[in-house]
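One structure is given here, and the rest of the page talks about it.
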2 protein chains.
Amino acid sequence: MPTSKDVAQAAGVAQSTVSYVLSGKRPISEKTRKKVEAAIDQLTYQPNAGARALASRKTRVIGLVIPFIPELEMGSIMEFVSVIASTARQYDHDILLVTDDEGAAGLRRVVGQQICDGLILMQVEDEDERLPVVRSLNVPVVLIGIPRDPSGLVCIDADFEMAGEHCVRDLAAAGHSVISVIDWQPAVMDRHVNYVDRFLHGTDVAAKALGVTVLHLPGGTDRATISESVDKALASTTGKPAFIAPDRTIQDILRRILSSRGLTLGLDVSVIGSASPTLAELQPIPLSTIDLRPAEVSRRAVKIMCQLLEADSHGPHESLELVPTVITHRSSTLRPQ
Amino acid sequence: MPTSKDVAQAAGVAQSTVSYVLSGKRPISEKTRKKVEAAIDQLTYQPNAGARALASRKTRVIGLVIPFIPELEMGSIMEFVSVIASTARQYDHDILLVTDDEGAAGLRRVVGQQICDGLILMQVEDEDERLPVVRSLNVPVVLIGIPRDPSGLVCIDADFEMAGEHCVRDLAAAGHSVISVIDWQPAVMDRHVNYVDRFLHGTDVAAKALGVTVLHLPGGTDRATISESVDKALASTTGKPAFIAPDRTIQDILRRILSSRGLTLGLDVSVIGSASPTLAELQPIPLSTIDLRPAEVSRRAVKIMCQLLEADSHGPHESLELVPTVITHRSSTLRPQ
DNA sequence: TTGAAAGCGTTACCAG
DNA sequence: CTGGTAACGCTTTCAA
């Protein structure tokens with residue numbers, strides 16, 4: 001493997017000049033730049049990351065802490081991971097995976113060994129045990145999710161409250177006055193992931209504003225619970241029933257229950273739920289879809305991180321950004337079941 | 001941040017001794033080891049990864065090349081990623097994400113800059129454009145998937161042929177003499193991912209051996225295509241129809257089509273397909289499930305990689321390992337739709 | 001069993 | 001605008 005020394009020799013300049021050509025940190029005459037660049041791609045030189053990190057104290061690597069929760073929708077996590085990784089590349093950074101099963105020790109390790117310059121945490125919970133650690137870590141950290149106490153932290157997430165409002169407004173606009181919200185699955189509820197409360201709060205706010213009734217009914221992974229919830233919903237609705245089902249697994253079960261009762265989605269009953277457009281293409285949610293825009297959230301998380309790294313003013317930062325959610329109307333493309 | 005020099009000073013030994021205590025590459029007296037260890041955790045010393053990489057020419061990082069194919073089951077990719085990352089940690093390595101949208105250049109970059117010591121490629125296709133690159137890369141590479149020409153490469157994958165055989169045998173044992181295979185979705189078929197052919201070949205082999213008939217019918221993401229396939233299947237079966245649907249998205253559509261025709265899964269019709277155990281839990285596939293054991297494939301891929309890194313005999317290696325698939329019988333837990 | 005010192009390949013400062 | 005050189009923090013060889 002050629003080194004910058006080899007390049008310098010080949011170009012007949014000093015090693016530092018090679019470095020400056022690459023970094024652009026000082027003016028270089030057109031002539032020597034050409035010479036150096038020629039030597040670089042003749043030798044197919046690539047700078048050694050370790051040496052660079054050692055000398056510059058910057059790894060250009062961002063640690064991404066991925067959750068390991070079997071109950072969670074793996075597909076949606078992957079959407080974050082994938083977008084985060086490609087966005088990082090756009091800012092000339094790489095992504096190192098930090099699995100959550102290493103726990104807080106893992107965070108200390110990657111930061112302590114200076115394997116990465118900053119951390120992005122996914123699936124931040126209300127009272128997250130990792131928070132005290134990251135606060136003390138002295139590197140930039142971006143949270144995807146809003147903990148109960150976000151003070152001193154940089155947080156970003158989808159605007160779940162807006163999503164909840166969207167849903168209720170959309171159904172109210174369609175003429176529904178009683179709307180049933182099927183909760184997330186218990187595994188999610190129990191973890192107190194903060195977005196659940198925000199979403200539900202959004203539905204309540206919109207309900208109050210519009211003078212419609214919102215019923216909160218338990219969800220679950222078994223037909224029985226949801227079946228019961230559907231019973232309750234149908235009993236308390238006189239007109240066409242309306243459902244909000246934010247959890248994708250539950251949407252699926254709900255859809256089957258409704259169709260097994262002979263209710264045609266979009267015709268006899270309205271359902272609205274969250275899904276990314278691509279996924280909605282494959283498994284359409286009837287009527288409308290809330291797009292929580294995971295890709296946009298991911299992109300912004302990386303962008304914020306890279307700005308923090310750029311600035312690297314080592315004082316603690318604090319910010320809270322909510323990415324607007326959108327409703328995608330899909331009624332027209334709806335195929336009756 | 002404390003350095004090994006600080007540790008050495010605090011322990012009253014040479015810097016090299018600290019290094020040897022950590023690496024265990026030469027015998028250390030109990031006494032000095034104690035002193036050094038005390039100093040290490042008193043200073044909360046952690047070795048600097050960059051410096052270590054520079055001196056030892058080993059980063060202890062493995063590049064994981066993740067596919068970006070929107071049509072693909074994101075959830076199953078995440079299962080690989082997640083297991084690969086935690087297994088790597090067990091071998092004291094980390095995982096760096098390499099997104100496939102960087103293409104072959106990305107591989108050259110991470111290896112050239114010596115950001116990682118080896119590469120694991122996911123979703124290897126029959127004629128994969130990345131193969132010539134990795135062959136020339138001079139670092140250990142492990143492929144998950146079997147390309148048409150695996151010479152000089154280290155490959156590992158689920159034994160899809162065995163999976164195909166399993167399915168046919170299972171259905172034949174249940175009394176079916178005509179079995180319909182619904183193909184993967186076209187997006188997958190078109191990429192010529194090698195496992196499709198292997199799976200289908202497996203079904204044919206078993207069919208021949210057992211004297212049953214296997215029908216190959218087109219799959220897709222739209223109801224119409226699959227609906228047609230179901231028509232054909234029903235027309236050519238006299239007894240209880242049997243389906244094999246390896247693609248998860250297609251399973252879902254198939255299931256809905258069958259139930260909309262009043263066919264109760266497991267009772268009027270047999271369906272068998274692949275699913276990870278967790279997913280099967282949520283959406284039980286009637287009769288049986290083929291478990292392709294992605295976690296096991298992932299673990300072995302990492303293990304092989306780490307063995308190659310250990311050995312680091314720089315000659316090209318070649319091996320081909322198929323992880324046995326299993327059939328999980330789930331009939332007992334089946335809830336009729 | 002231990003210590004001293006020479007790299008590893010960059011970056012960045014100090015001169016010119 | 002460019003060159004020389006001292007770090008950066010570790011590993012490893014050579015000596016003792």
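As the structure is a computational prediction, the values presented were derived from the model and not from experiment. Throughout, a chain's letter reflects where its sequence line sits, starting with A, and its residues are numbered from 1.
Nearest heavy atom pair, residue B:Val141 against residue B:Val154, reads O-CB, 3.6 Å. Across every non-hydrogen atom of A:Ala85 and B:Thr99, the tightest pair is CB-CG2, 3.2 Å.
Between the CG atom of A:Asp6 and the P atom of C:dT10 there is a distance of 9 Å, rounded to whole Å. The NZ-C1' distance, from A:Lys34 to D:dC1, rounds to 17 Å in whole Å. When the C1' atom of D:dC10 is taken as reference, atom CE of B:Met1 falls 16 Å away, rounded to whole Å. As rounded to whole Å, 9 Å separates atom C1' of D:dG9 from atom CZ of A:Arg57. In this entry the distance linking CZ of A:Arg60 with P of C:dT10 reads 16 Å, nearest Å. Regarding A:Gln15, its CD atom lies at a distance of 16 Å from the P atom of C:dC13, rounded to whole Å. Distance, A:Leu22 CG to C:dG9 P: 16 Å, rounded to whole Å. With rounding to whole Å, B:Lys5 atom NZ is found 15 Å from D:dT11 atom P.
Contact of the B:Pro147 side chain with the B:Leu153 side chain is registered, since non-hydrogen atoms from C-beta on lie closer than 4.5 Å. Between A:Glu125 and A:Asn194 the shortest side-chain heavy-atom distance does not fall below 4.5 Å. When side chains are defined from C-beta on, B:Val81 does not count as touching B:Ile95, because their heavy atoms never get closer than 4.5 Å.
Proximity of B:Thr32 to the phosphate of C:dT2: a side-chain N or O atom is located under 4.0 Å from OP1 or OP2. Applying the 4.0 Å criterion to OP1 and OP2 of D:dT11, one finds that B:Lys25 has every side-chain N and O outside that range.
For A:Arg26 against D:dG3, a side-chain N or O and a base N or O form a donor-acceptor pair under 3.5 Å. No hydrogens or angles were tested; on distance alone, a donor-acceptor pair under 3.5 Å links the side chain of B:Ser16 to the base of C:dA4. Side chain A:Tyr20 to base C:dC13: a donor-acceptor pair is found below 3.5 Å. No hydrogens or angles were tested; on distance alone, nothing pairs the side chain of B:Arg52 with the base of D:dT11 as donor and acceptor under 3.5 Å.
Heavy atoms of A:Gln46 sit under 4.0 angstrom from primed sugar atoms or phosphate atoms, though from no base atom. A:Val13 comes within contact range of the sugar-phosphate backbone alone, with a heavy-atom separation under 4.0 Å but no base atom that close.
When distances are taken from the side chain of A:Thr17 to each of C:dT11, D:dT12, D:dT2, the shortest belongs to D:dT2. For A:Asn48, the listed nucleotide lying nearest its side chain is C:dT10; candidates were C:dC8, D:dT11, C:dT10. Closest to the side chain of B:Ser29, from the set D:dG9, C:dT2, C:dA12, is C:dT2. Nearest to the side chain of A:Pro27, among C:dA12, D:dC1, D:dT12, sits D:dC1.
Of the two residues near DNA chain D, B:Ser23 and B:Ala51, the one whose nearest nucleotide lies more 5' is B:Ala51. Each of B:Leu54 and B:Lys31 was assigned the nucleotide of DNA chain C with the nearest heavy atom; the assignment lying further toward the 5' end belongs to B:Lys31.
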> Would A:Ser29 and A:Thr32 satisfy side chain to side chain donor-acceptor pair (under 3.5 Å), going step by step from the backbone distance to the final call?
Replying inline: CA-CA 6 Å; A:Ser29 74; A:Thr32 58; 3.1 Å; yes
